[in-house]
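In what follows, residues are counted from 1 in the order of the sequence shown. Quick caveat, the model's predicted, so the values are computed rather than measured.
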Amino acid sequence: MVSAARFAQPPVPVHQDIRFCRSPDGTRLAYAVHGSGPPLVVASCWLSHLQYDWQSPVWRHFLDELGAIATVIRYDERGFGLSDWEVQDFSLAARQADLETVVESLGLERFALLGMSGGSAVAMAYAIAHPENVTRLVLYGTVCGEPVVHEGEGLAEEETYRSMIRVGWAKDDPVFRRVFTTRFIPGADEQQMRWFDDLQRMSTSPKNAVASRIARQAVDIVADLPRITAPTLILQATGDQSTTFDNAVTVSGLIPGARLVAMDSQNHILLAGEPAWATFMAEVREFLGPDQRSWASDDPSTESLSPRELDVLHLCAEGKTNDEIATALTLSPRTVERHLSNIYLKLGVSGSAARTAAVARYLRDR
């Protein structure tokens with residue numbers, strides 16, 4: 001793995017809870033929660049790292065600005081970031097089960113869903129399987145849902161890419177990884193490109209990168225896309241070389257009522273400061289407006305909490321510390337922390353005052 005010293009930055013001024021759960025096949029998944037507002041679950045692209053993304057000149061603006069309008073739930077996919085790397089199954093079914101596990105771990109019932117890049121297939125599959133859970137669906141840099149067929153020069157090109165991953169992904173010299181970097185963010189400056197070069201080998205192993213790539217290219221859900229019923233917004237950069245504009249046109253034509261927004265950029269990952277990023281945020285903010293207004297008017301009550309969560313909050317109201325709560329309820333301190341995190345999420349409170357706000361809500365509702 002790349003040394004963290006390469007990413008030395010000032011302390012991150014954001015509260016982020018990182019938690020873990022296990023998918024049905026036993027894969028350990030890392031997920032994180034930050035921000036404030038209605039829940040927005042992010043099925044992100046495969047190159048992610050929950051901790052180091054906060055130090056990123058490529059990803060940080062996504063986290064900051066989305067967290068300003070929503071409670072953002074994101075996770076490292078199986079085989080990547082802080083999730084388990086010893087993985088054999090990268091199929092869409094396994095990845096959908098991972099998203100279902102994260103959602104169930106948080107006790108989410110209704111939420112907006114953002115599918116980014118390769119994560120768009122997972123988001124679409126989830127929206128098809130669980131229409132009752134998804135309030136709104138946002139697809140950014142989407143795949144088309146059809147298997148990728150390589151023939152002739154296209155096959156030779158794909159074999160070259162896979163060979164570059166196997167040979168150069170884990171090396172100190174980023175020359176091979178720079179090929180992928182320039183496809184993802186051709187408009188980046190040198191600092192951003194160096195960071196993305198390093199993210200690639202930090203995020204996963206060469207073996208996982210190839211296996212995941214092959215599995216993603218085999219995804220076939222195009223026939224089921226008309227079953228998506230959630231209001232859908234599709235955002236696509238017109239010059240994207242990784243997922244082309246044709247993909248977005250195909251998907252928007254198959255999802256009933258979907259709206260397609262073209263953004264003037266060559267970058268697969270929109271960079272802070274470019275006009276397309278302002279367009280992205282303006283569109284997402286407006287699209288999620290109904291969720292925001294509903295969340296603000298609902299003023300979530302403690303009725304949504306489980307009996308155990310109410311037990312924890314009752315002891316918080318009595319002034320007990322986490323260790324004292326753990327002893328009283330025969331739980332581990334870690335489990336108490338997890339219950340508190342779920343309480344904060346359900347009540348829509350965050351930050352250093354979250355505990356005080358949750359106790360106040362509990363006392364109000366007694």
Query raised in the report: Has D264 got more than 12 heavy atoms of other residues, nucleotides or ligands less than 6.0 Å from its CG?
Result: no
Query - Nearest-0.5 Å distance that lies between atom CG in L260 and atom OG1 in T250 - result: 10.5 Å
Query raised in the report: If you count the non-hydrogen atoms of other residues, nucleotides and ligands that lie under 6.0 Å from CD in E86, is the total more than 12?
Result: no
Query raised in the report: Got a second to check how far R178's CZ is from M193's CE, nearest 0.5 Å?
Result: 6.0 Å
**Report entry** Side-chain touch K171/R201, heavy atoms, less than 4.5 angstrom
**Finding:** no
Query raised in the report: Can you find a side-chain donor-acceptor pair between S56 and D53 that sits under 3.5 Å?
Result: no
Query raised in the report: Above 12 or not: heavy atoms from other molecules or residues under 6.0 Å from CD of E303?
Result: no
Query raised in the report: For the ring pair F180 and F196, is the centre-to-centre distance below 6.0 Å?
Result: no
Query raised in the report: For E286, does the CD atom have more than 12 heavy-atom neighbours from other residues, nucleotides or ligands under 6.0 Å away?
Result: no
Query raised in the report: Linking I/L/V/M/F/W/Y whenever their side-chain heavy atoms sit closer than 4.5 Å, directly or via other members, would V251 and V148 fall into one cluster?
Result: no
Report summary line: Between L340 and C316 the two heavy atoms that sit nearest each other are CD2-SG, 3.7 Å
Query raised in the report: Shortest non-hydrogen contact from W169 to Q200?
Result: NE1-O, 2.9 Å
Query raised in the report: With no hydrogens and no angle check, is any side-chain donor or acceptor of S36 less than 3.5 Å from a backbone partner on T71?
Result: no
Query - E65 vs F280, side-chain contact (heavy atoms from CB on, under 4.5 Å): CA-CA, chis, key distance, verdict - result: CA-CA 11 Å; E65 298 201 38; F280 175 92; over 6 Å; no
Query - D25 side chain reached by Q88 side chain, heavy atoms, under 4.5 Å - result: no
Query raised in the report: Got a sec, which residues hit salt bridge (Lys or Arg N to Asp or Glu O under 4.0 Å) with E309, two or more places apart in sequence or on another chain?
Result: K346
Report task. Decide whether D197 and T181 meet the rule of one side-chain donor and one side-chain acceptor closer than 3.5 Å. Result -> yes
Query - 4.5 Å side-chain heavy-atom contact, P226 and I255 - result: no
Query raised in the report: Under 4.5 Å between any side-chain heavy atoms of P39 and I73, yes or no?
Result: yes
Requested in this report: For residues V58 and F184, determine if any side-chain heavy atom of one lies less than 4.5 Å from a side-chain heavy atom of the other.
Outcome: no
Report task. Evaluate the side-chain proximity of Y52 to L199: yes if any heavy-atom separation is below 4.5 Å, no if none is. Result -> no
Requested in this report: Please round to the nearest 0.5 Å and tell me the distance separating atom CG of D240 and atom CG of D246.
Outcome: 11.5 Å
Query - Heavy-atom closest contact (L315 atom, A328 atom, distance) - result: CD1-CB, 3.9 Å
Report task. For the pair L254 and V222, evaluate side-chain contact (heavy atoms from CB on, under 4.5 Å) and give the outcome as yes or no after the intermediate values. Result -> CA-CA 8 Å; L254 290 171; V222 67; 3.4 Å; yes
**Report entry** Separation of M202 CE from W195 CH2 (nearest 0.5 Å)
**Finding:** 8.0 Å
Query raised in the report: Going from NE2 on H49 to OG on S83, what distance comes out if it is rounded to the nearest 0.5 angstrom?
Result: 9.5 Å
Query raised in the report: Just by distance, do the side chain of R95 and the backbone of E77 share a donor-acceptor pair under 3.5 Å?
Result: no
Query raised in the report: Does a donor on one side chain and an acceptor on the other come within less than 3.5 Å for T142 and N247?
Result: no
Report summary line: Smallest heavy-atom separation, E274 atom then S265 atom, equals OE1-OG, 2.8 Å
Query raised in the report: Hey, what's the ring geometry for Y140 with H268, parallel, tilted or perpendicular (30° and 60° as the breaks)?
Result: parallel
Query raised in the report: For A272, does its backbone N or O pair with a side-chain atom of H61 as donor and acceptor, under 3.5 Å?
Result: yes
Report summary line: Between F80 and D76 the two heavy atoms that sit nearest each other are O-CB, 3.4 Å
Requested in this report: Would you confirm whether T135, through its side chain, and R110, through its main-chain N or O, come within 3.5 Å as a donor-acceptor pair?
Outcome: no
**Report entry** Short side-chain to backbone donor-acceptor contact, N208 and W85, under 3.5 Å
**Finding:** yes
Query raised in the report: So if you build clusters from Ile, Leu, Val, Met, Phe, Trp, Tyr with side-chain heavy-atom gaps below 4.5 Å, do Y161 and V149 land together?
Result: no
Query raised in the report: Looking only at heavy atoms, what is the nearest atom pair of L137 and A127, with distance?
Result: CD2-CB, 4.2 Å
Requested in this report: For R227, enumerate each residue passing the salt bridge (Lys or Arg N to Asp or Glu O under 4.0 Å) test, keeping only those at least two apart in sequence or located in another chain.
Outcome: D224
Query raised in the report: Does one hydrophobic cluster hold both L329 and I343, with members joined at side-chain heavy-atom distances below 4.5 Å?
Result: yes
Query raised in the report: Do the side chains of V138 and E283 get nearer than 4.5 Å, heavy atoms only?
Result: no
Query raised in the report: Could you give the distance from OG1 (T160) to CD1 (I165), rounded to the nearest 0.5 Å?
Result: 11.0 Å
Requested in this report: Report yes if some heavy atom in the side chain of Y344 is under 4.5 Å from a heavy atom in the side chain of R355; otherwise report no.
Outcome: yes
